[in-house]
Amino acid sequence: MSEKTTAVINLRLKAKTLAVISEYTMSANSINSISEFLLHAGTEYQVFDMGRRLTPLDSQQFLDIENGSAYAPYPRQQHAWFGIVFWNKRASNQHYIWFIKLPLDEQGLVVSATRNHFLEIIVDALGQSVADDSEKAQTLPDNPYSFVPGQSLLAQFNAFVKHKLKQPLSKDAQKVEAYIKAPQLVDWQQISMQSVADFVHGLKSHEHYDAIVSAFCTNKALYSDVFLNTFLEMSENISLPEQIETFAIERLQNSGDVSLSALRALSSDVFSKRINTQLVALLRQEVSSRLDILSVIAARHFEQMDEVLLEAFLEQAAKVDEKEGHNGALFSGFFSDLVQIPKLRRQVLTLLHSSTHSQSLTKAFDQLFAQARK
């Protein structure tokens, strides 16, 4: 399968801002938020949270988050991660993108000084007149707040944005449908990751949805493993049809190994007892004592973390930390990551102060307290 990701809506890290923004004079002192900058620039925009799931944020919600008056809902690695798509209908049909990450304080609120620093950088880069279409103004300088999404996330983001903004999906998505219906007749190696992402994100609204799901379940044994892994990975930000969710659960553990693509595909934005039960069972097996498995569970399955799953996860993280000689650093990293999620914070802190831990978890918490006192 081709690994080339086709950014159909031409999202760019280094936004060609001046082609979009109307004539307006700005200074770092007159702009107090990213939202204000985009509004004063005459653009329409949509913000997407990219921390743990791809989630659209309304403009007021994003303003509250960047101003530090609301918690970042899906923080990861002590940062809030955003994809900001903006455009100006009067100037062009072109869409542009900034991928930015803003540091969070211990409570999970955006550090306002870093947001202000980012604003200073972009205003200084654009100069006083953003109508001056110069090479310097077209490209934002390197800065500590921009990030480059991995190929998988970028493909999903492109598809997700096109779907939300009602942009046409790529014509290559038709190749995916053709392969699902007749895998013997279509060369899967001609199917790109982006086309799979486009197809998956448009599946629920497809006029032949039921027939496609039925064909998938009928022909699944005929598909290339590469295609299946890509299909499942591209599905991690959507709700799976029940039949395909069942397939992902069946594929989760095969021949004693764990399929990371199936684990990612089972990510859900709501609590599911079915998925929760699978994760608890997985974490109680030795096979889950791998950093990549724990990382996917922490990043993608926080919605499933009731008391039982949370304790099972931290228990396994403590064992891996001790086994690999991380001296508490790995466990501390997972703990710090989970405690910043607003809906998990109280639950994590309650577990921290519980007196019914296993020996390995008690030791890990003791190391955590010791590190905090230093």
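Just so you know, these numbers use all the heavy atoms, side chains as well, and skip hydrogens, waters and symmetry mates.
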| said: Quick check: do Y209 and P241 have side-chain heavy atoms less than 4.5 Å from each other? | reply: yes
| request: Report the C-alpha distance between R284 and E315 in whole Å, list the side-chain angles of each, state the deciding distance to 0.1 Å, and finish with yes or no for salt bridge (charged side-chain N to carboxylate O under 4.0 Å, His left out). | output: CA-CA 9 Å; R284 287 176 174 169; E315 172 84 24; over 6 Å; no
| message | Using side-chain contact (heavy atoms from CB on, under 4.5 Å), reason through L165 and W87 one step at a time and then give a plain yes or no. | response | CA-CA 12 Å; L165 299 183; W87 64 98; 4.2 Å; yes
| query | Looking at F231 versus Y223, is the centre-to-centre ring distance below 6.0 Å? | reply | no
| message | Taking R53 first and then E236, would you say they form a salt bridge - that is, a charged N and a carboxylate O separated by under 4.0 Å? | response | no
| query | Is the closest side-chain donor-acceptor distance between H201 and Q156 under 3.5 Å? | reply | no
| Pairwise distance CG(L283) to CG(L314) - rounded to 0.5 angstrom | 10.0 Å
| task | For the pair K323 and E286, evaluate salt bridge (charged side-chain N to carboxylate O under 4.0 Å, His left out) and give the outcome as yes or no after the intermediate values. | result | CA-CA 12 Å; K323 177 182 177 181; E286 182 63 27; 3.7 Å; yes
| task | Using modelled atom types only, decide if a donor and an acceptor are shared between the side chain of S336 and the backbone of G333 within a distance under 3.5 Å. | result | no
| field | H117-Y145 aromatic ring centre distance below 6.0 Å | value | yes
| said: Do E324 and H326 pair up side chain to side chain, a donor and an acceptor below 3.5 Å, judged on atom types alone? | reply: yes
| E120/R115 ion pair, N-O < 4.0 Å | no
| Check: F37 and L119 side chains under 4.5 Å, non-hydrogen atoms | yes
| query | Do K363 and D366 meet the salt-bridge criterion of a basic N to acidic O distance under 4.0 Å? | reply | no
| field | Donor-acceptor pair between T350 and R345 side chains, under 3.5 angstrom | value | no
| query | Do S195 and D198 get their side chains close enough for a donor-acceptor pair, meaning under 3.5 Å? | reply | no
| task | Answer yes or no: is there a donor N or O on one side and an acceptor on the other, between the side chain of Q278 and the main chain of R274, under 3.5 Å? | result | no
| task | With L344 as reference, evaluate Q340, Q347, R346 under the side chain to side chain contact (heavy atoms under 4.5 Å, CB included) test and give the passing residue. | result | Q347
| field | Short side-chain to backbone donor-acceptor contact, D321 and G328, under 3.5 Å | value | yes
| task | Assert yes or no for the condition that the ring centre distance of W98 to F86 is strictly below 6.0 Å. | result | yes
| field | D210 and V213: CA distance, side-chain angles, deciding distance, side-chain contact (heavy atoms from CB on, under 4.5 Å) verdict | value | CA-CA 5 Å; D210 291 334; V213 172; 5.8 Å; no
| query | Do V308 and F335 share a hydrophobic cluster (ILVMFWY, side-chain heavy atoms under 4.5 Å, transitive)? | reply | yes
| request: State, yes or no, whether a side-chain contact exists between P75 and P342 at a heavy-atom distance under 4.5 Å. | output: yes
| request: Say whether, by atom type as modelled, one donor and one acceptor occur between the side chain of D58 and the main chain of Q60 under 3.5 angstrom. | output: yes
| request: For residues S295 and F334, determine if any side-chain heavy atom of one lies less than 4.5 Å from a side-chain heavy atom of the other. | output: yes
| task | Specify whether Y179 and F227 have parallel, tilted or perpendicular ring planes, treating 30° as the upper limit for parallel and 60° as the lower limit for perpendicular. | result | perpendicular
| said: Please check if the number of heavy atoms outside E242 that lie under 6.0 Å from its CD is greater than 12. | reply: no
| Any side-chain donor paired with an acceptor under 3.5 Å for Q253 and D257? | no
| query | Is it true that R300 and D269 make a salt bridge, defined as a side-chain N closer than 4.0 Å to a carboxylate O? | reply | no
| field | CD1 on I97 to CD on Q46, rounded to 0.5 Å | value | 10.0 Å
| When you look at L330 and L291, which way does the side-chain contact (heavy atoms from CB on, under 4.5 Å) test go after all the steps? | CA-CA 9 Å; L330 185 144; L291 181 58; 3.7 Å; yes
| query | Can a salt bridge be assigned to the pair D225 and R251 using a cut-off of 4.0 Å between side-chain N and carboxylate O? | reply | yes
| field | Short side-chain to backbone donor-acceptor contact, D64 and A70, under 3.5 Å | value | no
| Under 3.5 Å, is there a donor-acceptor pair between the D49 and T55 side chains? | no
| Does the Q304 side chain pair with the main chain of V270, one donor and one acceptor, at a distance under 3.5 Å? | yes
| task | Could you verify whether a donor N or O on one side chain and an acceptor N or O on the other, from S35 and E66, lie under 3.5 Å apart? | result | yes
| message | Tell me whether E322 at atom CD has more than 12 heavy atoms from other residues, nucleotides or ligands lying less than 6.0 Å away. | response | no
| request: Can you measure from CD1 (I100) to CG (N143) and round to the nearest 0.5 angstrom? | output: 9.0 Å
| Side chains of L349 and V339: does their closest heavy-atom pair fall under 4.5 Å? | yes
| message | For F62 together with F82, are the ring centres under 6.0 Å from each other? | response | yes
| With distance as the sole criterion, is a donor-acceptor pair present between the side chains of N327 and Q367 under 3.5 Å? | no
| query | Quick one: does E233's side chain get under 4.5 Å of L260's, heavy atoms only? | reply | no
| said: Test question: given the 4.5 Å side-chain rule for I, L, V, M, F, W and Y, name all other residues clustered with L109, or answer none. | reply: Y71
| Which value, rounded to the nearest 0.5 Å, describes the distance between N67 atom CG and S112 atom OG? | 9.0 Å
| Is there a donor-acceptor pair closer than 3.5 Å between any side-chain N or O of H206 and the backbone N or O of A211? | no
| field | Main-chain N/O of L38 paired to T43 side chain as donor or acceptor, under 3.5 Å | value | yes
| query | Under a 4.5 Å cut-off applied to non-hydrogen side-chain atoms, are V47 and I34 in contact? | reply | no
| task | Enter the distance from L368:CG to F331:CZ here, rounded to the nearest 0.5 Å. | result | 6.5 Å
| task | Mind telling me whether F147 and F99 have parallel, tilted or perpendicular rings, with 30° and 60° as the class edges? | result | tilted
| query | What is the distance from atom CD of Q243 to atom CZ of F216, rounded to the nearest 0.5 Å? | reply | 10.5 Å
| Candidate pair Q316 and S289, rule side chain to side chain donor-acceptor pair (under 3.5 Å), full reasoning | CA-CA 6 Å; Q316 193 68 295; S289 59; 5.1 Å; no
| Any luck finding a side-chain donor-acceptor pair between E303 and S268 under 3.5 Å? | no
| Does some side-chain heavy atom of L222 sit less than 4.5 Å from a side-chain heavy atom of Q184? | yes
| field | Evaluation steps, side-chain contact (heavy atoms from CB on, under 4.5 Å), between N116 and N32 | value | CA-CA 7 Å; N116 294 341; N32 298 309; over 6 Å; no
